Amino acid sequence: MKLTREFYERDDVLTIARELLGKCLFTKLDDKVTAGIIVETEAYAAPLDKASHAYNNKRTSRTEIFFGRGGFSYVYLCYGIHHLFNVVTNKTDIPHAILIRAIEPVEGLSTMAIRRQKSQTNYSLTSGPGALSMALGINKRHNGIDLQENKIWLEDTSIRYANCQIQKGPRVGIAYAEEWADKPYRFKIKDNPWTSKPK
DNA sequence: ACAGAGATTAACT
DNA sequence: GTTAATCTCTGTA
């Protein structure tokens with residue numbers, strides 16, 4: 001069962017980021033299906049959030065997708081190399097988004113390994129925002145895709161995590177965002193080996 | 001028109 | 001621990 005438009009268009013981006021843990025992210029690209037359980041997310045709550053590309057309602061060709069409806073993909077290129085996959089949330093003109101930072105692979109492991117140019121699967125396959133995008137075959141051509149379609153989508157699962165299994169913390173790599181840099185907008189499953197391991 | 005920085009990763013030392 | 005990879009946007013001219 002795909003997550004509905006109503007799920008993405010709710011107001012509280014932190015609640016959605018928390019609820020995305022345990023959901024399953026699918027891609028069907030190049031006739032290959034790959035999927036993984038989401039184990040780490042970060043919320044970006046523009047226009048107030050200085051860490052967001054859409055801070056202060058800044059609109060560029062890159063950020064335009066933030067201002068559309070919830071339930072669309074936002075893929076952008078980081079450091080000129082890595083494609084980072086986000087889910088746009090909330091309604092038109094409210095630029096909220098959630099970065100998917102890590103997944104636990106469940107389907108298409110061999111396809112992921114080929115895309116990652118690894119001879120065998122291991123924990124580094126999808127543990128990081130750039131790595132999981134590569135494993136799933138996501139690149140900037142997939143910016144602005146409707147998650148109700150059958151290219152990239154999220155499904156509900158029977159997985160439910162208790163609050164004590166979820167670790168909240170500050171986001172990664174955004175020290176420039178001043179007072180926003182310390183906010184606990186990052187959610188991850190405690191002790192899950194597939195979560196990212198930043199220094 | 002050009003220089004500098006960034007929601008990162010992997011391959012070095 | 002350090003560094004290279006090199007796209008997009010911003011500030012300065």
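Since the structure is predicted, the reported quantities are computational estimates derived from the model, not experimental observations. Numbers restart at 1 for each chain; the letters A, B, ... are given by sequence-line order, proteins then strands.
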Exercise. Write down the distance between NZ (A:K140) and P (C:dC7), rounded to a whole number of angstrom.
Key: 8 Å

Quiz item: What is the distance from OH of A:Y123 to P of B:dA10, rounded to the nearest Å?
Solution: 17 Å

Self-check item: Atom pair distance, as rounded to whole Å: CD in A:E40 and C1' in B:dT8
Solution: 13 Å

Self-check item: Whole-Å distance separating the CE atom of A:M134 from the P atom of B:dT9
Solution: 9 Å

Practice problem: Kindly compute the distance separating CG (A:L77) from CG (A:N139), expressed to the nearest 0.5 Å. | Solution: 9.5 Å

Self-check item: Rounded distance in Å - CD1 (A:I81) to P (B:dT8)
Solution: 13 Å

Quiz item: Counting any heavy atom closer than 4.0 Å, what does A:A177 reach on the DNA or RNA strands: base, sugar-phosphate only, or nothing?
Solution: nothing

Quiz item: When the distance from CZ of A:R171 to P of B:dT8 is rounded to whole Å, what number comes out?
Solution: 11 Å

Quiz prompt | Non-hydrogen atoms of A:P170 and A:A181 that approach each other most closely | solution = CB-O, 3.7 Å

Quiz prompt | Closest to side chain of A:A131, choosing from B:dT8, C:dT8, B:dT9 | solution = B:dT9

Quiz prompt | A:Y44 six-ring face occupied by A:R171 cation (under 6.0 Å, within 45°) | solution = yes

Quiz item: Can you tell me if the side-chain N/O atoms of A:R116 get under 4.0 Å from OP1 or OP2 in B:dA10?
Solution: yes

Exercise. Report yes or no: is the cationic atom of A:R5 (NZ for Lys, CZ for Arg) closer than 6.0 Å to the six-membered ring centre of A:F7, at no more than 45° off its axis?
Key: no

Quiz item: Rounded to the Å, how far apart are A:Y79 OH and B:dG4 P?
Solution: 17 Å

Quiz item: Where each pair must be Watson-Crick or G-U wobble with both distances under 3.5 Å, what dot-bracket representation of DNA chain C is obtained, with crossing pairs in [ ] and other-strand partners as |?
Solution: |||||.||||||.

Self-check item: A:P47 and A:P95, any side-chain heavy atoms less than 4.5 Å apart
Solution: yes

Quiz prompt | Exercise: do A:E155 and A:W153 side chains pair donor with acceptor under 3.5 Å | solution = yes

Exercise. Applying side-chain hydrogen bond (donor to acceptor under 3.5 Å, both in side chains), name anything that partners A:N86, two or more places apart in sequence or on another chain.
Key: none

Exercise. Starting from P on C:dC7, measure out to CZ on A:R141 and report it in whole angstrom.
Key: 17 Å

Quiz item: Would A:E40 and A:R186 pass as an ion pair if we require N to O under 4.0 Å?
Solution: yes

Quiz prompt | Within residues 43-66 of chain A, residues whose heavy atoms come under 4.0 Å of DNA chain C | solution = A:K58, A:T60, A:S61, A:R62

Quiz item: Does NZ or CZ of A:R69 lie under 6.0 Å from the centre of the six-membered ring of A:Y8, at an angle within 45° of the ring axis?
Solution: no

